[in-house]
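Residues: numbered from 1 along the sequence shown. All values below were derived from every heavy atom in this structure, side-chain atoms included, with hydrogens, water molecules and symmetry-related copies excluded.
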Amino acid sequence: MKRAGILAIGCALAMSTGAFAQSGAPGQPTVPGSAGTPGTTGPDRTGTQGPIGAGTDRTMPNDQQNDQQRRANDTQEFIKKAAIANMAEIQLGQLASTKAENPEVKQFAQKMVEAHTKALDELKQAASGSGATLPTELDKKHQKLHDKLSKLSGAEFDREYMDAMVDAHKDVAKALEKRSKSGAEQQSASTATSSAGSGTPTTTGTSGTTASASAEPGGDVTAWASKTLPDVQSHLQEAQQLEHSLESAKKNNDNNNNGNSTGATGTTGTTGSTSGTSGSGSSTGGNTPPE
């Protein structure tokens, strides 16, 4: 009977010891094992990493970041050049409005002042969200042209001004066309990227805001370029026609001057020859003896 009681007490102690080992000693929490496997004890662990992606920021790939930065830089450079070109058209037009001799050139100059003042105002509005700082004065190239034309007058001024207008509008039209084309290609690429996935790719920052990863930097500026291009092309055609008209007038004037000079020289020579002939005749007649 005593033996049976001792065995029961021993079993109870063994079970208590096993339970103590199962739960772990104070300060030694159990580390869960795999399903169906008893956990093992280990050191205390804090800040355990949760599931991948949970509570972390997803950043844009480096190549995409670089591409967007490049496009942003291109946008700012385009804004700067476009602003200077419009400022030059305005200032040169104001100069020609007072110095031009040909009425059509004067009218064209006034038109340039109005058209490019409007275009510059629209560019400022389109560039307002780009972070670009617009220039307030001409660059060296355009200032040099302004200074050159300031020293001319009359028909020479008209020809030089219209020649400058043709060159300037060619350059601006080319820049606007390039910007419009690149903007269309970027928009097409963005649309293709969005269609390929479940939606538009997004980038989540630490503040929790979401931005489109495929958004085109300077989209408003590209829209301005597309809108302004037809006007610039029309100005170019008008400038070319005026330039051709002025050159034709100059050639006709030069030809007339050369013709008048040649005619005057020929008349003088003929008169001298006639006089000489007349003198010879008179002399010969005087020496002829009477019959």
Checklist entry - CD of Glu243 to OG of Ser248: how many Å apart, nearest 0.5 Å? => result 10.0 Å
Checklist entry - Should Leu229 and Trp224 be regarded as members of a common hydrophobic cluster, given that ILVMFWY residues are connected when their side-chain heavy atoms come within less than 4.5 Å of each other, either directly or indirectly? => result yes
Checklist outcome for this item: Contacts satisfying salt bridge (charged side-chain N to carboxylate O under 4.0 Å, His left out) that involve residues 93-120 (not counting sequence neighbours) are Lys111-Glu238
Checklist entry - Quick one: does Asp163's side chain have a donor or acceptor within less than 3.5 Å of a partner on Arg159's backbone? => result no
Checklist entry - If you look at every heavy atom in Ala88 and Leu138, which pair is closest and at what distance? => result N-CD2, 3.5 Å
Checklist entry - What's the shortest heavy-atom distance between Ala85 and Val172, and which atoms? => result CB-CG2, 3.8 Å
Next on the checklist: Using modelled atom types and a 3.5 Å cut-off, is there a donor and acceptor pairing between side-chain atoms of Ser245 and backbone atoms of Gln241?
Outcome noted: no
Item to check | Glu77 atom CD: more than 12 heavy-atom contacts under 6.0 Å | outcome: yes
Item to check | Rounded distance [0.5 Å steps], NZ in Lys174 versus CG in Leu176 | outcome: 12.5 Å
Checklist entry - Looking at residues at least two apart in the chain, or sitting in another chain, which of them share a salt bridge (charged side-chain N to carboxylate O under 4.0 Å, His left out) with Lys250? => result Asp254
Item to check | Pairs touching residues 120-140 that satisfy salt bridge (charged side-chain N to carboxylate O under 4.0 Å, His left out), sequence neighbours left out | outcome: Glu122-Lys227
Checklist entry - Do Gln69 and Asn73 have side-chain N/O donor and acceptor atoms under 3.5 Å apart? => result yes
Item to check | Note, Arg179 side chain near Thr75 side chain (heavy atom, < 4.5 Å) | outcome: yes
Item to check | Atom pair NZ (Lys181) and OG (Ser226), whose distance is rounded to the nearest 0.5 Å | outcome: 13.0 Å
Checklist entry - Can you tell me if CD on Gln143 sees more than 12 non-hydrogen neighbours from other groups inside 6.0 Å? => result yes
Next on the checklist: Can you tell me how far apart CZ (Phe78) and OG (Ser130) are? Round to the nearest 0.5 Å.
Outcome noted: 11.0 Å
Checklist entry - Distance-only, no hydrogens or angles: does the Asn86 side chain make a donor-acceptor pair with backbone N or O of Ala82 under 3.5 Å? => result yes
Item to check | Over all atoms of both residues, closest heavy-atom pair of Ala109 and Gly93 | outcome: CB-O, 3.5 Å
Checklist entry - Apart from Leu95 itself, which Ile, Leu, Val, Met, Phe, Trp or Tyr residues share its cluster (side-chain heavy atoms under 4.5 Å, direct or through members)? => result Leu92, Val105, Phe108, Met112, Leu145, Leu149, Leu152, Phe157, Tyr161, Met162, Met165, Leu242, Leu246
Checklist entry - If you measure from the Lys or Arg side-chain nitrogens to the Asp or Glu carboxylate oxygens, is any gap between Lys170 and Asp167 under 4.0 Å? => result no
Item to check | Thr117 side chain to Val113 backbone, donor-acceptor under 3.5 Å | outcome: yes
Checklist entry - Would His169 and Glu89 satisfy side chain to side chain contact (heavy atoms under 4.5 Å, CB included), going step by step from the backbone distance to the final call? => result CA-CA 9 Å; His169 282 85; Glu89 292 287 349; 3.2 Å; yes
Checklist outcome for this item: When every non-hydrogen atom of Gln76 is compared with those of Ala132, the smallest separation belongs to CG-CB, 3.9 Å
Checklist entry - When rounded to the nearest 0.5 angstrom, what is the spacing between CD in Gln94 and NE2 in His146? => result 8.0 Å
Item to check | Intermediate values then yes/no, salt bridge (Lys or Arg N to Asp or Glu O under 4.0 Å), Asp67 and Arg71 | outcome: CA-CA 6 Å; Asp67 182 61; Arg71 288 159 56 188; 3.3 Å; yes
Next on the checklist: Run the side-chain contact (heavy atoms from CB on, under 4.5 Å) test against Ala115 and tell me which residues pass, sequence neighbours left out.
Outcome noted: His235
Checklist entry - If you link I, L, V, M, F, W and Y whenever their side-chain heavy atoms are under 4.5 Å apart, who else ends up in the same group as Ile84? => result none
Checklist outcome for this item: For Ser97 and Gln110, the nearest pair of non-hydrogen atoms, with its separation, is OG-CG, 3.4 Å
Checklist entry - About how many Å separate CG of Asp220 and CG of Leu123, when rounded to the nearest 0.5 Å? => result 11.0 Å
Checklist outcome for this item: Ala126 and Val221 have their tightest heavy-atom pair at O-CG2, 3.8 Å
